[in-house]
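Okay, so here's the structure we're looking at.
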Amino acid sequence: MKKLTRREWFRSSGKVVLAAAVAPAVLSNIAEAATSKASQASVQYVTHPNGKEMCSNCKFFIPGAKPNENGACKVVSGKISPHGYCAVYMPKK
């Protein structure tokens, strides 16, 4: 095993320190991207059903206070109609 000089050790440990300093910022950006929601336009959201497929039957829908009130969605941003529909529709099981 090669013995490192003090200069070599500082150069190599500097890279580790830099990586450790940058890692939290990178991981924070990844976490933020994972928790952000899609726009209604990007998932072709409409306020009417697609046959029997509608937000109130979707596993991502979060109901409003009353059955016919707008609610929210776990993956799409904004107010969501229980009678709406979008491309990420996934029926409840």
List the residues meeting side-chain contact (heavy atoms from CB on, under 4.5 Å) with Lys59, not counting sequence neighbours, and say none if there are none. Met90, Lys92
With sequence neighbours excluded, give me every ring-ring contact (aromatic ring centres under 6.0 Å, His included) pair touching residues 74-93. Tyr85-Tyr89
Can you give me the closest heavy-atom contact between Pro67 and Pro82, atom names plus distance? O-CG, 3.6 Å
Scanning both residues in full, the closest heavy-atom pair of Ser81 with Thr47 reads OG-O, 4.0 Å
For Glu53, all residues meeting side-chain hydrogen bond (donor to acceptor under 3.5 Å, both in side chains), sequence neighbours excluded: Asn50
Applying side-chain contact (heavy atoms from CB on, under 4.5 Å), name anything that partners Cys55, two or more places apart in sequence or on another chain. Tyr45, Phe61, Ile80
CE on Met54 to NE2 on His48, rounded to 0.5 Å: 12.0 Å
Sequence-distant partners of Ser39, side-chain hydrogen bond (donor to acceptor under 3.5 Å, both in side chains), two or more places apart: Ser42
Under 3.5 Å, side chain of Gln40 to main-chain N/O of Lys79, donor-acceptor pair present? yes
